[in-house]
Amino acid sequence: MARHLITSALPYINGIKHLGNMVGSMLPADVYSRYLRQRGHDVLYICATDEHGTPAELAAKEAGLSVAEFCAQAHDAQKAVYDGFALAFDYFGRSSSPQNVEITQHFARRLNENGFVEERAIRQVYSPTDGRFLPDRYVEGTCPHCGYDKARGDQCENCTRVLDPTDLINPRSAISGSTDLEVRETKHLFLLQSKLQHEVEEWVAAHEAEWPQLASSIARKWLTEGLHDRAITRDLDWGVPVPADTWPELAAEGKVFYVWFDAPIEYIGATKEWSDAAPAGETRDWKSWWYESDETVRYTEFMAKDNVPFHTVMFPATELGVREPWKKVDYVKAFNWLTYYGGKFSTSQKRGVFTDQALEILPADYWRYFLIANAPESDDSSFTWEHFTATVNKDLADTLGNFVNRVLSFSRKRFGDDVPAGGEPGEAETKLGEQIAELLAEYETQMESLQFRKAAAALRALWSAGNSYLEEKAPWLEIKTNPEGAALTLRTAMNLIHLYSVVSEPFIPASSAAMRQAFTLKDDTATWITEAEAKSLTAVPAGTPFTVPPVLFAKLTDEDLETYKERFGGEPA
């Protein structure tokens with residue numbers, strides 16, 4: 001089986017993330033990782049908090065903490081939420097780790113040795129009021145491209161264009177709000193991306209046909225516009241230090257690497273963190289996943305569209321310039337935006353449902369299923385409470401949950417606490433087995449191709465097939481004239497429940513575990529369902545003890561809907 005390296009865009013450290021962030025990177029990566037593990041592949045799923053840059057310093061200042069203390073607390077808070085969503089990272093690291101410092105500085109030295117780093121004197125915004133140079137994100141103003149009046153000096157959140165602070169109209173300090181700004185000379189390191197343009201173009205051309213159109217079109221747009229030399233250092237107190245052995249003057253001035261440079265390297269750094277954290281007696285070879293691994297590892301990245309340029313153009317340029325055989329991404333799974341009633345979720349403006357709030361309302365499986373079933377793959381998709389409630393009730397409560405409850409409850413009532421025997425499978429069971437095998441193959445096809453909405457639709461169809469079978473056989477009527485036939489129907493339906501518990505695990509792990517644990521099987525080691533097993537539906541034999549689990553999914557009421565809308569609003573602010 002193949003080795004699969006999976007990463008999702010690093011969540012930034014300043015605050016708990018909203019549902020749009022969850023569905024745009026981490027959740028689909030988790031679903032895919034779980035699926036691959038079930039199919040027997042060797043999987044390493046790596047993520048981390050992105051802890052450097054201006055927002056971390058600003059958030060720490062607002063919280064009255066040192067940046068280090070703020071980041072440590074925020075990392076733990078985010079990890080707790082991701083645990084609540086059952087994200088099965090192999091390791092969730094920190095970009096402020098010593099491992100990332102070591103590897104980032106190594107990359108910078110190698111780029112310098114290869115002629116791709118240059119020290120330049122530049123003119124940068126300085127705030128006399130704050131008594132300091134202002135890094136890009138410390139400067140706010142109006143975007144010259146779209147007119148958004150809260151654009152940052154590095155990128156416009158509205159149109160996603162990359163900016164320089166001096167591009168902004170009516171700039172102001174993000175620290176003090178002062179518009180008394182000057183432009184002074186200072187020195188910084190620049191990555192000469194322009195010298196790597198042709199190599200990046202060749203690399204993208206060799207991979208883009210396999211990527212989703214969203215990822216390839218963004219990469220191609222950036223390459224068409226041309227790669228520009230960009231500063232990779234900033235005047236900040238918190239970050240990966242410029243190594244004094246290579247740039248003593250800049251190191252003495254306290255320069256640190258710019259977050260866009262070191263954050264992608266943290267994928268490698270976090271893998272080394274995972275390796276270094278191995279328990280006694282266990283050896284983890286982090287480098288085999290990243291170095292000279294083109295023939296042995298398939299690397300898939302998950303991210304929202306605003307991160308695509310950094311991962312398809314800028315970080316590959318860095319890796320190419322290092323002139324060492326570091327693993328580059330094979331497949332970029334990019335997502336559009338999940339909106340809140342058509343407006344943007346916003347961490348900074350606290351608009352929309354945030355992940356910690358979501359878990360306060362309902363268990364993770366409700367959110368996991370809804371978000372993946374409505375993932376913004378081909379276009380933006382909108383979260384509304386009406387849509388969420390309808391999906392939960394129709395798919396989870398009625399189609400799956402009700403099927404499980406009525407099969408097990410009815411069987412226990414009429415046949416006791418063991419799976420009934422009944423007669424031999426007939427035409428209806430043969431037809432059902434063929435249908436289940438066909439639907440399972442469709443589900444596998446969509447999961448393999450990372451088409452999550454289509455995979456959810458195939459999973460939903462599997463659940464619906466059980467309901468159709470049950471309605472056709474009607475064991476509540478069948479038992480009156482043919483108890484053996486009713487027992488067969490229920491035994492077949494129980495085998496469907498077991499099948500659902502296995503194949504639904506990537507989407508709804510907690511509910512899948514509850515379904516599986518309903519049956520007391522001696523050797524239930526199945527990680528997936530083969531075509532033959534899907535057709536035969538015999539994994540749970542007659543005589544197997546079972547229990548009726550608590551209701552898997554509660555139906556949401558009109559009162560619930562109104563409560564949610566009152567708390568969060570029924571339209572964007």
**Student:** What about Tyr291 and Trp326, are their ring centers closer than 6.0 Å?
**Tutor:** yes
**Student:** If I take atom NZ from residue Lys344 and atom CG from residue Leu338, how far apart are they, to the nearest 0.5 angstrom?
**Tutor:**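 That separation rounds to 12.5 Å.
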**Student:** Parallel, tilted or perpendicular: which fits the ring planes of Trp203 and His207, with parallel below 30° and perpendicular above 60°?
**Tutor:**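 Trp203 vs His207 ring planes: tilted.
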**Student:** Can we say Glu292 and Lys287 salt-bridge, meaning some charged N sits less than 4.0 Å from an Asp/Glu carboxylate O?
**Tutor:** no
**Student:** Any carboxylate oxygen within less than 4.0 angstrom of a Lys/Arg side-chain nitrogen, looking at Arg152 and Asp154?
**Tutor:**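 Looking at Asp154 together with Arg152, the answer is yes, because their closest N to O distance falls below 4.0 Å.
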**Student:** Can you see whether His106 engages Glu324 through a side-chain donor-acceptor pair at a distance of less than 3.5 angstrom?
**Tutor:** yes
**Student:** If every non-hydrogen atom of Val31 is compared with every non-hydrogen atom of Arg368, which pair is closest and at what distance?
**Tutor:**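 Minimum heavy-atom separation between Val31 and Arg368: CG2-NH2, 3.9 Å.
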**Student:** Can you tell me how far apart CG (Leu181) and OG (Ser127) are? Round to the nearest 0.5 Å.
**Tutor:** 5.5 Å
**Student:** So with a 6.0 Å cut-off around CD of Gln213, is the heavy-atom count from everything else above 12?
**Tutor:** no
**Student:** Output, in order, the C-alpha distance, side-chain angles, deciding distance and verdict of salt bridge (charged side-chain N to carboxylate O under 4.0 Å, His left out) for Arg37 and Asp42.
**Tutor:** CA-CA 7 Å; Arg37 290 189 188 105; Asp42 186 7; over 6 Å; no
**Student:** Check whether more than 12 heavy atoms from other residues, nucleotides or ligands sit under 6.0 Å from atom NE2 of His198, and answer yes or no.
**Tutor:**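 No, because the 6.0 Å sphere around NE2 of His198 holds 12 heavy atoms or fewer from other groups.
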**Student:** Between Lys150 and Glu157, does at least one N-O distance fall below 4.0 Å, as a salt bridge requires?
**Tutor:**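 No, this pair does not count.
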**Student:** Taking the six-membered ring for Trp, are His75 and Phe92 ring centroids under 6.0 Å apart?
**Tutor:** yes
**Student:** Does the side chain of Leu10 reach to within under 4.5 Å of the side chain of Arg94, using non-hydrogen atoms?
**Tutor:**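 Counting from C-beta outward, Leu10 and Arg94 never come under 4.5 Å.
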**Student:** Gln197 and Glu201: side-chain donor and acceptor closer than 3.5 Å?
**Tutor:** yes
**Student:** We want to know whether Ser194 and Asp229 form a side-chain donor-acceptor pair, criterion being a heavy-atom distance below 3.5 angstrom.
**Tutor:**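 Yes, a side-chain donor-acceptor pair sits under 3.5 Å.
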**Student:** Is Lys61 salt-bridged to Glu69, going by a charged N under 4.0 Å from an acidic O?
**Tutor:**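 The answer is no: the pair does not qualify as a salt bridge.
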**Student:** If the threshold is 4.0 Å, N to carboxylate O, is there a salt bridge linking Arg298 and Glu210?
**Tutor:** yes
**Student:** Check this for me: does any side-chain nitrogen of one of Asp294 and Lys328 sit under 4.0 Å from a carboxylate oxygen of the other?
**Tutor:**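 Salt bridge flag = no for Lys328 with Asp294.
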**Student:** More than 12 heavy atoms of other residues, nucleotides or ligands under 6.0 Å from NZ of Lys454: is that the case?
**Tutor:**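 Not buried by this count: 12 neighbours or fewer within 6.0 Å.
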**Student:** How close do Glu273 and Gly93 get, heavy atom to heavy atom, and via which atoms?
**Tutor:** OE1-CA, 3.4 Å
**Student:** Taking Arg284 first and then Asp276, would you say they form a salt bridge - that is, a charged N and a carboxylate O separated by under 4.0 Å?
**Tutor:** no
**Student:** Side chains of Tyr299 and Ser293 only: does a donor on one sit below 3.5 Å from an acceptor on the other?
**Tutor:** no
**Student:** I'd like to know if Glu377 and Lys333 make a salt bridge, using a cut-off of under 4.0 Å between side-chain N and carboxylate O.
**Tutor:** yes
**Student:** Please step through salt bridge (charged side-chain N to carboxylate O under 4.0 Å, His left out) for the pair Glu208 and Arg220, ending with a clear verdict.
**Tutor:** CA-CA 9 Å; Glu208 63 179 333; Arg220 184 54 57 191; 2.8 Å; yes
**Student:** So, taking the atom named CG in Leu27 and the one named OG in Ser8, what distance separates them when rounded to the nearest 0.5 Å?
**Tutor:** 10.0 Å
**Student:** Output yes when Lys255 and Asp235 qualify as a salt bridge under the 4.0 Å nitrogen-oxygen rule, no when they do not.
**Tutor:**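 Yes, charged N to carboxylate O under 4.0 Å.
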**Student:** Just do the ring pair (Phe, Tyr, Trp, His ring centres under 6.0 Å) check on Phe315 and Phe310 with the steps written out, would you?
**Tutor:** CA-CA 6 Å; Phe315 186 47; Phe310 297 99; over 10 Å; no
**Student:** Does the pair Lys221/Glu225 count as a salt bridge with the N-to-O cut at 4.0 Å?
**Tutor:** yes
**Student:** Is the ring pair Tyr32/Phe302 parallel, tilted or perpendicular, if the boundaries are 30 and 60 degrees?
**Tutor:** tilted
**Student:** When the ring planes of Tyr35 and Tyr443 are compared, do they come out parallel, tilted or perpendicular, using 30° and 60° as the limits?
**Tutor:**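 Rings of Tyr35 and Tyr443: perpendicular, over 60°.
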**Student:** With a 4.0 Å cut-off on N to O distance, would you call Arg123 and Glu185 a salt bridge?
**Tutor:** no
**Student:** Does Glu360 have more than 12 heavy atoms from other residues, nucleotides or ligands lying within 6.0 Å of its CD?
**Tutor:**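 Enclosed: over 12 neighbouring heavy atoms sit under 6.0 Å from CD of Glu360.
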